[in-house]
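Data block below; observations after.
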Amino acid sequence: MKLNNISIRLIFMIITIHLLECSLPDVVEPAEWMMHVEFPLTDQKISIGSILSQKPISDLQYDSSGSGDTLLCVRSDSVEYTFEQQVGFVDSAEFSQQLGTFTLDRMKPVTVQLKITDNIEMWDKPALLLYNGVTLSHSEKNITIDGVSYIMFDESSPDLEITLFNQTAHCDLDDLVIAMLDHDDVLAVVHVPHITVKEKVTVKVPVAGKKIRSPFSLALSALIPGGTIVHESDQVSISISFNKMVVSEAEIEDIFVNYNTSIAGIIPIADSLKIDHLETDNVALELNVRSPARLKMKLSASFYNSQDREILQPEMNNFVRNVRNAPVDPSSYMFKGDTITALLDSNFCSLYLPIGAMQLFPGFDKRSSYSTIGCAFNFTIVHEGNRIRFNKKDHFSLKARFKNLPLKRIKAAFLKKLECSGTTAVNSGLSTTDENMIRLQNTLTFKTARLELDLDPGMIEGCSLDSIQVQAVMKTPEYISDSVVLTQTLTDITYASHHTAMMDFTSLFNRWPDTFTFDVKLLLPKGTGFKIDRMDKNYEILNTTLSMKPVLKWKVVVPLCWKIDETTCFELEKTEITLTEEQISAAKKIKNPSLKIMMNIFNQTNLSSRMYALGAVKGNIESLMGFPDSLKNSDYFSGESDHAFFSVTGKEGIVLAPRNNVSLNEVIFDAQTVKDILDDGHCVIRWFLFLNPASEDALKTTDYIMLKAGGMIDGIGNTDLLTKI
């Protein structure tokens with residue numbers, strides 16, 4: 001609001017033009033006339049930006065939409081966080097059990113024919129009548145068991161069955177004794193008191209814990225009663241059946257072994273998740289199998305639900321449609337793998353099982369905190385005539401691990417708390433060196449200040465979380481005890497969702513701190529559930545890291561809505577008037593000069609305020625510019641103080657009219673003030689806006705004050721004045 005020097009020159013230009021149009025008499029006396037000249041001082045629209053020479057919060061953007069809403073100071077930024085959770089499989093699951101016993105099967109009986117007459121002198125006769133009884137003794141060695149090197153019968157084995165068949169024509173046998181011999185060891189002894197012609201007798205002999213090698217030998221003894229006719233072709237048939245015998249150790253061909261076994265247990269999946277449902281595609285299982293015996297086996301693998309799970313929840317029904325080979329039941333088999341064949345020997349044999357798609361409802365082991373998949377591996381011998389050697393105490397072992405597990409769907413819960421945090425510092429902009437801002441402190445109370453948080457979860461498509469907890473603490477070093485805390489749980493978190501939280505920190509902001517910080521922590525508490533449902537082929541793999549990168553957008557919002565507790569003032573732009581020496585000399589030629597200032601103030605606010613203005617000439621300008629440190633009250637504007645200032649607005653100032661009204665004011669400077677201005681040729685006018693105590697109010701985006709001020713000079717001019725222009 002500087003006085004334009006051109007305006008003063010304009011005054012004298014108008015006077016000159018007016019005089020040139022007159023015919024001047026040829027007299028010595030100079031001509032005189034009445035002068036009345038008006039000139040503008042200021043015409044300014046004062047918005048909030050000029051009322052507050054510094055914004056209430058530095059570096060913030062004003063919302064200047066012009067809609068009439070409350071004027072806002074806004075600062076915003078964003079912070080990116082990262083949640084990472086390793087969801088890897090346990091390296092492998094190990095299973096081991098003893099081979100156990102085998103049951104012999106499909107073995108032909110070992111049959112030996114012993115002639116009765118081998119120990120009788122027949123004198124080349126086909127038949128002979130024995131007048132006296134004869135003791136029969138016979139030994140048969142090197143009896144071979146086809147396909148067997150040796151057999152150790154288990155303690156649990158049933159008795160060995162030996163069938164005797166008297167194939168003689170007329171010869172009964174008494175006190176028949178048969179012994180099975182393994183070298184010098186007696187394996188079994190059979191005693192039959194009497195066996196008649198053509199009679200078959202089957203006896204059971206305990207052989208548990210005994211061993212037989214191939215070949216072995218038989219010894220037979222019997223009593224032939226006197227009066228018996230013996231024929232050269234008479235013989236006794238001995239048949240030994242090994243089928244259904246239980247074997248603990250043997251070296252034998254596999255075709256005689258009936259063996260199958262199952263290894264059942266659980267495969268730990270992840271130690272970081274409690275998985276409720278799992279659907280995968282193209283699953284592959286790697287098995288390392290070790291057996292002390294060379295067995296060719298059929299292998300089948302089955303996976304099933306946990307036996308102790310609760311009944312399926314309704315929302316899981318969509319996940320269990322089209323399940324192959326299984327009804328929907330928590331304890332049923334959900335999948336059965338393909339059958340494969342492999343030759344297993346004493347070394348580990350690696351097998352690769354391409355299983356295909358699976359839908360499983362894993363169990364959970366509370367002791368180890370693992371999600372688990374139940375499994376059963378069934379091994380059945382393949383008969384191909386291979387020679388095998390085994391011992392029931394040998395261990396059959398298996399290591400199993402998933403080679404890959406492409407994840408299509410998963411419903412799970414985190415087993416441990418996940419969190420990420422960050423700290424942001426903000427310069428409040430309140431406690432500054434700006435004089436107006438210093439004056440506001442302790443006199444102006446903001447109605448509200450808030451921190452707005454907008455969360456973008458940053459998850460992959462198809463993901464969702466039960467909830468995320470937002471914890472925020474707003475604090476300032478000067479007032480630690482006044483920290484403001486926000487804890488809010490955001491629910492139904494999806495990859496496309498956005499969530500907001502708001503913290504009110506008005507009480508802290510009205511402390512007028514230099515700076516404040518807010519600490520934000522994003523928390524996934526233990527037990528937080530999540531789902532992934534990917535219908536495309538971009539599956540996540542469970543043996544990688546599942547991650548999400550939430551972006552938290554923060555915004556500090558301070559509406560310029562306040563309550564004024566004490567009278568305070570703002571300084572507006574000052575006005576400076578500077579005259580040249582020629583202008584000063586010409587102005588002094590004016591007789592009886594008077595200076596009048598007229599002000600017109602249009603108020604488009606709800607502010608209850610007064611306008612004051614003080615002026616000073618060159619010698620007192622420095623003192624005038626010492627305000628507001630020396631400014632205590634409105635007495636300084638009355639012209640009655642000790643300061644050599646002149647008042648532009650009078651002691652009462654100009655009371656701003658209510659909204660949408662105009663305040664008018666007129667001030668006439670006395671002759672001394674005019675003389676002081678002309679003597680120095682320079683003066684400064686400072687304009688002040690006093691805000692009176694008021695209840696809560698808000699500045700709108702459309703609020704402003706229109707200040708118009710103009711000057712008016714009256715006096716008597718003469719022709720001497722023209723020579724100074």
Side-chain angles (χ1 to χ4, degrees), residues 103-120 122 126-148 151-247 256:
T103 300
L104 297 179
D105 192 21
R106 292 182 296 276
M107 289 187 69
K108 294 180 179 180
V110 176
T111 302
V112 178
Q113 307 289 341
L114 297 179
K115 283 187 175 184
I116 295 295
T117 60
D118 281 353
N119 299 119
I120 300 175
M122 295 297 292
L128 181 65
L129 173 62
L130 300 178
Y131 294 100
N132 299 310
V134 177
T135 301
L136 174 67
S137 177
H138 185 85
S139 178
E140 181 76 20
K141 296 182 178 180
N142 298 325
I143 300 173
T144 302
I145 308 174
D146 291 339
V148 175
I151 297 173
M152 176 70 76
F153 299 108
D154 189 65
E155 297 290 345
S156 64
S157 179
D159 294 341
L160 184 66
E161 291 185 353
I162 300 178
T163 301
L164 304 176
F165 182 24
N166 187 350
Q167 295 178 315
T168 66
H170 306 284
C171 183
D172 292 340
L173 298 175
D174 293 328
D175 199 19
L176 179 64
V177 177
I178 298 176
M180 292 181 61
L181 304 175
D182 179 16
H183 298 281
D184 295 331
D185 295 329
V186 178
L187 178 63
V189 176
V190 178
H191 179 255
V192 179
H194 182 74
I195 181 169
T196 62
V197 175
K198 302 302 182 182
E199 181 182 4
K200 281 187 179 181
V201 176
T202 299
V203 295
K204 294 184 177 181
V205 181
V207 292
K210 295 184 178 182
K211 180 178 181 181
I212 184 171
R213 282 179 285 192
S214 177
F216 67 97
S217 60
L218 284 174
L220 179 145
S221 66
L223 179 62
I224 303 174
T228 302
I229 299 175
V230 294
H231 293 264
E232 188 177 15
S233 60
D234 285 346
Q235 60 183 7
V236 175
S237 175
I238 303 173
S239 179
I240 305 172
S241 175
F242 292 98
N243 283 336
K244 299 183 180 178
M245 298 297 289
V246 179
V247 178
F256 302 137

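Below, each value reflects all heavy atoms present in this structure, side chains not excepted, and no hydrogens, waters or symmetry copies.
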- [ ] Could you tell me which non-hydrogen atom of V148 sits nearest to which non-hydrogen atom of S214, and how far apart they are?
- [x] O-CB, 3.2 Å
TODO: Would you mind reporting whether V134 and V230 have side-chain heavy atoms less than 4.5 Å apart?
DONE: no
- [ ] Would you please classify the geometry between the F242 ring and the F153 ring as parallel, tilted or perpendicular, with 30° and 60° separating the classes?
- [x] parallel
TODO: May I ask you to test the H170-H231 pair for a side-chain heavy-atom distance under 4.5 Å?
DONE: yes
Task: Verdict with supporting geometry, I151 and M245, side chain to side chain contact (heavy atoms under 4.5 Å, CB included) - done: CA-CA 10 Å; I151 297 173; M245 298 297 289; over 6 Å; no
Open item on the list: Looking only at the side chains, is there a donor atom on one of T163 and T202 sitting less than 3.5 Å from an acceptor on the other?
Closed with: yes
TODO: Give the minimum heavy-atom separation between A208 and S157, together with the two atoms involved.
DONE: CB-O, 4.4 Å
TODO: Apply side chain to side chain contact (heavy atoms under 4.5 Å, CB included) to L160 and I212, showing your working.
DONE: CA-CA 12 Å; L160 184 66; I212 184 171; over 6 Å; no
Open item on the list: How long is the straight-line distance from OG of S237 back to CG of L114, given to the nearest 0.5 Å?
Closed with: 8.5 Å
- [ ] First locate atom CD of E199, then atom CZ of F165, and finally report the distance between them rounded to the nearest 0.5 Å.
- [x] 10.0 Å
Task: Side chain N243, main chain M107, donor-acceptor under 3.5 Å - done: yes
Open item on the list: Taking the side chain as everything from C-beta on, heavy atoms only, tell me whether L223 gets closer than 4.5 Å to T135.
Closed with: yes
Task: Under 3.5 Å donor-acceptor, D174 side chain and H194 backbone - done: no
Open item on the list: Pair H191, D175 - check side chain to side chain contact (heavy atoms under 4.5 Å, CB included), show working.
Closed with: CA-CA 7 Å; H191 179 255; D175 199 19; 2.5 Å; yes
Open item on the list: What verdict does the side chain to side chain contact (heavy atoms under 4.5 Å, CB included) test give for M180 and L218, after you've listed the backbone C-alpha separation in whole Å, the side-chain angles of each residue and the deciding distance to 0.1 Å?
Closed with: CA-CA 5 Å; M180 292 181 61; L218 284 174; 3.5 Å; yes
TODO: Measure the CE-CG distance between M152 and D154 for me, rounded to the nearest 0.5 Å.
DONE: 10.0 Å
Open item on the list: Tell me which one of V201, N166, D172, T168 satisfies side-chain contact (heavy atoms from CB on, under 4.5 Å) with T196.
Closed with: D172
Open item on the list: If I compare all heavy atoms of D159 with all of K204, which pair ends up nearest, and what's the gap?
Closed with: CB-CB, 3.6 Å
Open item on the list: Do V236 and I116 make a side-chain contact, defined as non-hydrogen atoms from C-beta onward lying under 4.5 Å apart?
Closed with: yes
Open item on the list: To check you understand the geometry: which heavy-atom pair defines the closest contact between K211 and L187, and what is its length?
Closed with: O-CD1, 3.6 Å
TODO: Can you see which heavy atom on A222 is nearest to which on L176, and at what distance?
DONE: CB-CD1, 3.5 Å
Task: Nearest-0.5 Å distance, CG of residue N132 to OG1 of residue T228 - done: 11.0 Å
Open item on the list: Atom NZ of residue position K210 - does it have more than 12 heavy atoms of other residues, nucleotides or ligands inside 6.0 Å?
Closed with: yes
Task: Distance, nearest 0.5 Å, that separates OG of S239 from CD1 of I162 - done: 9.5 Å
Task: Validation row: I240, F216 side chains within 4.5 angstrom (heavy atoms) - done: yes
Task: S217 side, atom OG; E140 side, atom CD - distance, nearest 0.5 Å - done: 9.0 Å
Task: Heavy-atom closest contact (Q113 atom, Q167 atom, distance) - done: OE1-OE1, 2.7 Å
- [ ] Have a look at L220 and tell me which of I178, L164, V190 forms a side-chain contact (heavy atoms from CB on, under 4.5 Å) with it.
- [x] I178
